[in-house]
2 protein chains.
Amino acid sequence: MTSDATQPTTAFCQHDHNHCIDSAMAQARHLCQQRGVRLTPIRQRVLELVWQSHQPLGAYTLLGLLAEEGFNSAPPTIYRALEFLQHEGLIHKLASINAFTGCCNPGTPHEGHFFLCLSCHQALEIDTSTLQHSLQNSAGKHGFSIAQQTIEITGCCAQCQSKQNTENHG
Amino acid sequence: MTSDATQPTTAFCQHDHNHCIDSAMAQARHLCQQRGVRLTPIRQRVLELVWQSHQPLGAYTLLGLLAEEGFNSAPPTIYRALEFLQHEGLIHKLASINAFTGCCNPGTPHEGHFFLCLSCHQALEIDTSTLQHSLQNSAGKHGFSIAQQTIEITGCCAQCQSKQNTENHG
DNA sequence: TGACAAGGGTTATAACGTAACATAACATCA
DNA sequence: TGATGTTATGTTACGTTATAACCCTTGTCA
């Protein structure tokens, strides 16, 4: 098995993640202002924490992180913040692992479709326009009207695969 | 909006469900025997209950049903049975609603892909070979090796849509 | 017949999520 | 300015989903 294929820049690749965070936060502030909704300190901090993590975070993990910073929060607080962020399209929930991750493209409304690496636990949001098409096609055949999509594919990312190959052959 | 399109026979249509259950149970018994694994009374009853229900069942609902029948079970019992049935490909778990549903085609290993109706709460397992193809394609581009797929599409089934139309216009 | 594996019983608890009510912060307008 | 309504957050309690850990029973087989 070779890994010569050129790969797009994704969560699975080395990159300046601080840049991602800054830009995501700026975009979030912009969108909220535009829409006349309030990105309060808690909401903002939750979004930052989600973005800072290299893997999707659970609600209670976030709760713990907030507690460390002096936010005196109980579960409802965090779930409200997460609900707000989801509603504004700033984060996605990963139902299969009960965790949340930042949305890479919050400007345009879309469903979150993900590859989840079982090894490094990172989530890669994928663009699936063709997949979308065949789903709509299938829905049409059954007369089904689509509301929301949960598409979460687990497996092993390219990085982890090559790591494992190195270990096995080294 | 018209609803003239011919539709396949699915969970969303009227049909003799007893026949479904019988045939599913027979197939399960056959598969387990073939594989040398034991379809014990509890496992068998759980599978039947899942099939008897017109909508996916949660673990604790199943627990309640078993309790009514004198099975003196606690959560671990039911989760073990569900794990077994999942492992043998006899049921699927719907992660987005924490519920379980019978697999329509347990002989051939495959992933469960579902339409979930938000109105009648029924689940329709769909065949998605084209979707499969575009997923594999996308995975290939990212060097991602797929293990397991969670594809759960919520919305409104044809039956419920036409019911709602009737109500609105009647 | 005793070692072993598999299945299930039992207790306890972890992890995830929400209802309901109280309070604080903010806006706005007489 | 302060009465009022709205939105956001704090707080308590509890509901729901899932698993860890340990033990006992039963069947199998050398």
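Sequence lines set the chain letters: A, B, ... in the order given, protein chains first and strands last, and positions in each chain run from 1. Hydrogens, waters and symmetry mates play no part in the numbers below; they use all other heavy atoms, side chains included.
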Student: Let me know the distance between CG of B:Leu39 and C1' of C:dA6, rounded to the nearest Å.
Tutor: 15 Å

Student: Do B:Gln132 and B:Gln149 pair up side chain to side chain, a donor and an acceptor below 3.5 Å, judged on atom types alone?
Tutor: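 Yes, B:Gln149 and B:Gln132 have a side-chain donor paired with an acceptor closer than 3.5 Å.
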
Student: Hey, are the side chains of A:Glu88 and A:Leu31 touching, using non-hydrogen atoms and a 4.5 Å cut-off?
Tutor: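 No - every pair of side-chain heavy atoms lies 4.5 Å or more apart.
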
Student: Looking at B:Thr40, I'd like to know whether one of its side-chain N or O atoms comes within less than 4.0 Å of OP1 or OP2 on C:dG8.
Tutor: yes

Student: Give every pair of a protein N or O atom and an N or O atom of nucleotides 15-19 of chain C that lie under 3.5 Å apart, one pair per line with the distance.
Tutor:
from	atom 1	to	atom 2	distance (Å)
C:dG17	OP1	A:Lys93	NZ	2.6
C:dG17	OP1	A:Asn98	OD1	3.3
C:dG17	OP2	A:Tyr79	OH	3.0
C:dG17	O5'	A:Tyr79	OH	3.4
C:dG17	N7	A:Tyr60	OH	2.5
C:dG17	O6	A:Tyr60	OH	3.3

Student: The test is ring pair (Phe, Tyr, Trp, His ring centres under 6.0 Å); show your working for B:His113 and B:His92 and say whether it passes.
Tutor: CA-CA 9 Å; B:His113 299 161; B:His92 292 291; 8.7 Å; no

Student: Measuring only between side-chain heavy atoms, which start at C-beta, is B:Thr101 closer than 4.5 Å to B:Glu125?
Tutor: no

Student: Report yes if a side-chain nitrogen or oxygen of A:Thr77 is closer than 4.0 Å to either non-bridging phosphate oxygen (OP1 or OP2) of D:dA8; otherwise report no.
Tutor: no

Student: How are the rings of A:Phe115 and B:Phe144 set relative to one another: parallel (under 30°), tilted (30 to 60°) or perpendicular (over 60°)?
Tutor: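 Answer is parallel, since the angle falls under 30°.
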
Student: Output the rounded distance in Å from CG (B:Leu66) to C1' (C:dT10).
Tutor: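 These atoms are roughly 16 Å apart.
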
Student: Starting from P on D:dT7, measure out to CZ on A:Arg43 and report it in whole angstrom.
Tutor: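 A:Arg43 atom CZ is separated from D:dT7 atom P by 11 Å.
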
Student: Starting at the 5' end of DNA chain D, which residue's closest nucleotide do you reach first, A:Pro41 or B:Arg38?
Tutor: A:Pro41

Student: In whole Å, what is the span from the CG atom of B:Leu57 to the C1' atom of D:dA18?
Tutor: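 In whole Å, D:dA18 C1' lies 17 Å from B:Leu57 CG.
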
Student: Does a side-chain N-to-carboxylate-O contact under 4.0 Å join B:Glu48 and B:Arg45?
Tutor: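 A salt bridge is present here (some side-chain N lies under 4.0 Å from a carboxylate O).
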
Student: Nearest whole angstrom, please: distance from the P of C:dA24 to the CD1 of A:Ile42.
Tutor: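 In whole Å, C:dA24 P lies 15 Å from A:Ile42 CD1.
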
Student: Roughly how many Å is it from NE2 in B:His87 to C1' in C:dA6, rounded to a whole number?
Tutor: 14 Å

Student: When you compare the side chain of B:Gln164 with that of B:Cys156, does any pair of heavy atoms fall below 4.5 Å?
Tutor: yes

Student: Rounded to whole angstroms, how far apart are CD1 on B:Ile78 and P on C:dG9?
Tutor: 10 Å

Student: Between B:Asn72 (CG) and D:dT25 (P), how many Å, whole number?
Tutor: 15 Å

